[in-house]
Amino acid sequence: MRLSEYTNREFDLLIIGGGITGAGILREGARLGLRCLLVERKDFAWGTSSRSSKLVHGGLRYLKEGRLGLTLASVQEREQLLAEGAGLIDPLGFLLATYEGDKGGRWLMEAGLTVYDLLALQWSHRHYGPQDFRMLAPHLTAVGLKGGFRYGDAQTDDARLVLRVIQEAVADGGAALNYVSAQSLIRDENGQVSGAVVRDELSGEMAVISAKVVINATGVWADRLRADMGGEPRIRPLRGSHLIFPQWRFPVAQAVGFMHPLDGRPVFIIPWEGVTLVGTTDVDHQADLDAEPGISAEEVAYLMAAIESQFPGLNIILDDAISSFAGVRPVIDTGKDDPSQESRDHVVWQESGLLTVTGGKLTTFRLIALDALKAARHLLPEMPEPDAETPALNPVYVALPGGEYLDERTRRRLLGRYGAQAAQLVAAAHPGELEPIPGTAALWAELRWAARAEAVAHLDDLLLRRVRLGLLLPQGGASLLPRIRAVCKAELGWDDGRWRAEESAYRELIRCCYSLPERAAIPDWRGMARKAEPVNDSWRWKWAGVLGGTAVLLLAGWLARRRKGVKGSCRVV
Ligand SMILES: Cc1cc2nc3c(=O)[nH]c(=O)nc-3n(C[C@H](O)[C@H](O)[C@H](O)COP(=O)(O)OP(=O)(O)OC[C@H]3O[C@@H](n4cnc5c(N)ncnc54)[C@H](O)[C@@H]3O)c2cc1C
């Protein structure tokens with residue numbers, strides 16, 4: 001069985017958690033020649049890392065809040081990922097409108113965007129007058145529109161990013177097992193953590209894994225393993241939810257950001273994979289962390305009110321939504337009243353040899369991994385010095401077969417998402433499988449390859465995280481299930497009984513957690529939009545302006561040194 005292969009070996013690193021944080025640490029550890037094993041109790045990227053806004057960004061919002069270190073680290077990582085991960089990380093334009101009554105709106109935004117661009121050593125932003133801006137965002141409300149800005153950021157497929165990082169770590173000698181959970185930690189005679197008792201969730205098999213360093217990369221679940229060491233709870237789980245609309249119904253050619261008229265939080269309308277994402281919310285997550293999170297009726301109303309206030313001409317209604325998804329952010333609790341004020345920095349905590357790495361962003365996964373290895377250094381004296389300039393993603397030098405069936409865009413997509421395995425994926429395609437799955441950019445060949453080679457254990461692994469049909473198509477892609485069944489039968493050996501069980505569990509999952517709640521429970525969002533006042537957020541931009549002025553003076557010299565050995569925005573405790 002899978003686990004027994006690993007029980008008689010001693011590892012340098014046991015990484016618990018298969019989201020982007022664990023994947024990144026596995027990647028950097030394997031690159032350094034460490035013997036690494038990652039265990040994930042559900043599917044790779046099952047947690048927050050498949051439920052993000054899919055942005056690879058500096059986070060203009062963090063700059064507005066004065067978090068210069070986090071923004072700098074993030075924009076530099078964005079630039080690196082854009083350079084290395086074409087087809088998986090791609091540029092995305094953002095639009096920000098200014099309206100009458102936004103005090104000093106244009107100039108303060110200009111200051112903020114100038115700093116944002118300078119941090120990345122680029123000049124991507126540009127101001128447009130009202131007429132030109134309307135061409136860029138034709139459906140945005142024009143009442144009082146004074147113009148607006150366009151600037152550059154980037155986006156990805158978050159779950160595929162996790163998978164590519166894991167795949168490259170495994171190619172370098174790392175090992176990764178999904179559906180294996182850490183049940184408890186074991187300690188040596190000095191009371192230091194020296195491994196974990198793990199359980200194969202598919203077979204029920206238990207095993208002990210020994211390692212010189214155990215890394216707790218369990219995101220929002222991090223307090224559980226820490227409790228084994230007597231650690232006080234420190235994580236504040238904050239839920240963020242999105243609604244998804246078909247692009248023909250909610251057309252945006254680039255992302256549009258604006259302040260929610262009810263509370264001034266940023267809301268983004270994001271084109272992604274042929275659909276439009278609207279998000280996010282930021283609320284305390286009181287539900288059981290073991291259950292799949294879902295959007296609440298109140299969050300639906302909040303996002304619909306935002307749409308109605310900014311895009312009233314589109315007359316978007318609840319029935320237009322294809323799906324929804326929710327993720328829970330691991331944020332370090334400092335007791336702030338407003339969840340959005342809590343820091344998004346990552347932390348590395350050391351408790352009796354257990355290293356907990358949590359918080360942070362998808363964008364900065366490489367920096368988080370390097371910080372984790374730095375913190376593990378005293379336990380691994382033979383470990384080579386991690387190189388801050390290593391690529392996050394391997395260069396891909398493969399010639400894709402597929403001839404005239406694959407256009408340039410599809411080739412780029414396959415190389416970005418599947419890296420060195422893209423050629424095998426194309427070669428494994430059956431006749432007709434280099435065609436896109438209706439309503440998506442994904443090919444049928446991707447589905448077959450994922451089922452064959454990407455550790456799929458359940459139907460939702462395949463349809464929610466390997467290819468994202470469950471998010472992109474109505475009812476989770478129910479109309480395609482007969483053809484998907486044939487692929488699963490051939491590649492996974494699922495018989496009729498197994499298929500029926502998988503299909504029924506998948507349909508229930510889509511109903512409970514990826515659809516909209518009962519209509520009757522959803523508050524009157526049109527009323528909320530009518531009552532809402534435009535939020536004047538200029539004080540924060542003023543802050544950014546002052547900060548920016550100072551930062552620009554300091555940055556020129558600072559950047560040159562930082563580009564050689566960038567540090568994340570991290571607190572090591
Ligand atoms: C709504 C939302 C939007 C976001 N948008 C962005 C964005 O646009 N850009 C960006 O850069 N960042 C974004 N983020 C932040 C980013 O998604 C997270 O910081 C990141 O995904 C956290 O990754 P992680 O690996 O630490 O946690 P997770 O992805 O949650 O991974 C932890 C894993 O540990 C596993 N696990 C738990 N307990 C055990 C155990 N005992 N044994 C084995 N495995 C276990 C879980 O199953 C889980 O898969 C967003 C976050 C949210 C919530």
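This chain uses plain numbering: 1 for the first residue, then up along the sequence. Because only heavy atoms are used, hydrogens play no part in the values below, and waters and symmetry mates are left out as well, while side chains stay in. No experiment lies behind these values; they were computed from the predicted model shown. Start at 1 and go down the list; that is how both ligands and their atoms are numbered.
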**Student:** Just which atoms of ligand 1 are under 4.0 Å from any heavy atom in Thr280?
**Tutor:** 1 (C)
**Student:** Is the shortest heavy-atom distance from the side chain of Phe311 to the side chain of Ile269 under 4.5 Å?
**Tutor:**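 The answer is yes, as the side chains (C-beta and beyond) meet within the 4.5 Å cut-off.
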**Student:** Atoms of ligand 1 less than 4.0 Å from Lys54 heavy atoms?
**Tutor:**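 Reading through ligand 1 atom by atom, the close ones are 8 (O).
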**Student:** What are the atoms of ligand 1, with element, lying closer than 4.0 Å to any heavy atom of Gly327?
**Tutor:**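 Within the 4.0 Å cut-off of Gly327, ligand 1 contributes 53 (C).
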**Student:** Looking at every heavy atom in both Trp221 and Leu289, which two are closest together, and how far apart are they?
**Tutor:**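 Here Trp221 and Leu289 meet closest at NE1-O, 3.1 Å.
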**Student:** Compare all side-chain heavy atoms of Arg417 with those of Asp157 and state whether any distance is below 4.5 angstrom.
**Tutor:**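 Side chain of Arg417 against side chain of Asp157, heavy atoms only: contact under 4.5 Å found.
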**Student:** Give the residue and atom name of whichever protein heavy atom lies nearest to atom 44 (N) of ligand 1, and the separation in Å to one decimal.
**Tutor:** Arg41 N, 3.0 Å
**Student:** Quick check against the 3.5 Å criterion: does Arg366 have a side-chain atom that pairs as donor or acceptor with the backbone of Ile25?
**Tutor:** no
**Student:** Output the distance between atom CZ (Arg468) and atom CD1 (Ile244), rounded to the nearest 0.5 Å.
**Tutor:** 8.5 Å
**Student:** Atoms of ligand 1 less than 4.0 Å from Gly240 heavy atoms?
**Tutor:**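 Per the distance check, 1 (C).
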**Student:** Could you tell me the residue and atom name of the protein heavy atom closest to atom 17 (O) of ligand 1, and the distance to it rounded to 0.1 Å?
**Tutor:** Ser52 CB, 3.5 Å
**Student:** Do ligand 1 and Arg51 have nitrogen or oxygen atoms that lie under 3.5 Å from each other?
**Tutor:**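 N/O-N/O distance under 3.5 Å: no.
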**Student:** Please state which option from Glu40, His242, Lys42, Glu77 has its nearest heavy atom closest to atom 47 (O) of ligand 1.
**Tutor:**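 Of the listed residues, Glu40 has the closest heavy atom.
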**Student:** Show, in sequence, the C-alpha distance, side-chain angles and deciding distance for His346 and Asp371, and conclude whether the side-chain contact (heavy atoms from CB on, under 4.5 Å) test is met.
**Tutor:** CA-CA 10 Å; His346 69 275; Asp371 278 338; 2.9 Å; yes
**Student:** Quick one: does Val39 get within less than 4.0 Å of ligand 1, heavy atoms only?
**Tutor:**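 Checking ligand 1 against Val39, which is what was asked, there is a heavy-atom contact under 4.0 Å.
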**Student:** We want to know whether Ser49 and Asp158 form a side-chain donor-acceptor pair, criterion being a heavy-atom distance below 3.5 angstrom.
**Tutor:** no
**Student:** Please compare Ser50, Ala182, Ala45 and report which has the shortest non-hydrogen distance to atom 42 (N) of ligand 1.
**Tutor:**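 The nearest heavy atom belongs to Ala182.
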**Student:** Does the N or O separation between Leu362 and ligand 1 drop below 3.5 Å for any pair?
**Tutor:**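 N/O-N/O distance under 3.5 Å: yes.
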**Student:** When rounded to the nearest 0.5 angstrom, what distance separates CG in Leu354 from CD1 in Ile215?
**Tutor:** 9.0 Å
**Student:** Considering non-hydrogen atoms of the protein only, which is the closest contact for atom 5 (N) of ligand 1, and what is the distance?
**Tutor:**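 Checking every protein heavy atom, the shortest distance to atom 5 (N) of ligand 1 gives Ser53 N, 2.9 Å.
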**Student:** I'd like to know if the side chain of Arg265 and the backbone of Thr280 have a donor-acceptor N/O pair within less than 3.5 Å.
**Tutor:** yes
**Student:** Is there a polar contact, in the sense of an N or O pair closer than 3.5 Å, between Ile20 and ligand 1?
**Tutor:** yes
**Student:** Between Phe94 and His57, is the gap from one ring center to the other below 6.0 Å?
**Tutor:**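 No, the ring of Phe94 stays outside the 6.0 Å limit from the ring of His57, centre to centre.
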**Student:** Which heavy atom of the protein is the closest neighbour of atom 26 (O) of ligand 1, given with residue, atom name and distance?
**Tutor:** Thr21 OG1, 2.7 Å
**Student:** Looking only at heavy atoms, what is the nearest atom pair of Ala455 and Asp43, with distance?
**Tutor:** O-OD1, 4.5 Å
**Student:** Consider every N or O of Thr358 and every N or O of ligand 1, then say whether any pair is closer than 3.5 Å.
**Tutor:** no
**Student:** Do Asn216 and Thr356 pair up side chain to side chain, a donor and an acceptor below 3.5 Å, judged on atom types alone?
**Tutor:** yes
**Student:** To check your reading of the model: name the closest protein heavy atom to atom 28 (P) of ligand 1, its residue, and the distance in Å.
**Tutor:**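 Ranked first by proximity to atom 28 (P) of ligand 1 is Thr48 N, 3.6 Å.
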**Student:** Checking a contact table here: which protein heavy atom is nearest atom 19 (O) of ligand 1, and how many Å away?
**Tutor:**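 Here the nearest protein heavy atom works out to Gly360 O, 2.8 Å.
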**Student:** Is there a polar contact, in the sense of an N or O pair closer than 3.5 Å, between Thr363 and ligand 1?
**Tutor:**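 Thr363 vs ligand 1: N/O contact under 3.5 Å present.
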**Student:** Is Val220 in contact with ligand 1, taking contact as a heavy-atom separation below 4.0 Å?
**Tutor:**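 Distance cut 4.0 Å: Val220 fails for ligand 1.
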**Student:** If you measure every N or O of Val56 against every N or O of ligand 1, does any of those distances drop under 3.5 Å?
**Tutor:**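 Looking only at distances, the answer is no, because the N/O contact criterion of under 3.5 Å is not met.
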**Student:** Ignoring hydrogens and angles, tell me if any N or O in the side chain of Asp117 forms a donor-acceptor pair with the backbone of Ser124 under 3.5 Å.
**Tutor:**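 Side chain of Asp117 to backbone of Ser124, a donor-acceptor pair under 3.5 Å: yes, one is there.
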**Student:** Salt-bridge test for Asp284 and Arg236: reply yes if a basic N is under 4.0 Å from a carboxylate O, no otherwise.
**Tutor:**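 Answer for the salt bridge query: yes.
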**Student:** If you take the nearest heavy atom of each of Ser181, Ser49, Pro293, which one is closest to atom 22 (C) of ligand 1?
**Tutor:**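 When every heavy atom of Ser181, Ser49, Pro293 is considered, Ser49 comes closest to atom 22 (C) of ligand 1.
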**Student:** Which of the numbered atoms in ligand 1 are below 4.0 angstrom from a heavy atom of Gly17?
**Tutor:**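 Answer, ordered by atom number: 33 (C), 34 (O), 35 (C), 44 (N).
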**Student:** Under 4.0 Å from any heavy atom of His57, which atoms of ligand 1 are there?
**Tutor:** 7 (C), 9 (N)
**Student:** Return the residue, atom name and 0.1 Å-rounded distance of the protein heavy atom closest to atom 2 (C) of ligand 1.
**Tutor:**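 Going atom by atom, the protein heavy atom closest to atom 2 (C) of ligand 1 ends up being Arg329 NH2, 3.6 Å.
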**Student:** Looking at side-chain heavy atoms only, is the closest gap between Asp223 and Arg234 below 4.5 Å?
**Tutor:** yes
**Student:** List every atom of ligand 1 that sits less than 4.0 Å from any heavy atom of Ile16, numbering the atoms from 1 in the order shown and giving each element.
**Tutor:**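 Under 4.0 Å from Ile16, ligand 1 has these atoms: 40 (C), 42 (N), 43 (C).
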**Student:** When you measure from atom 27 (O) of ligand 1 to every protein heavy atom, which one gives the shortest distance, and what is it?
**Tutor:** Gly219 CA, 3.7 Å
**Student:** Quick test of your reading of the model: are Asp290 and Arg224 salt-bridged, counting only N-O distances below 4.0 Å?
**Tutor:** yes
**Student:** Numbering the atoms of ligand 1 from 1, which are under 4.0 Å from a heavy atom of Ala217?
**Tutor:** 32 (C), 34 (O)
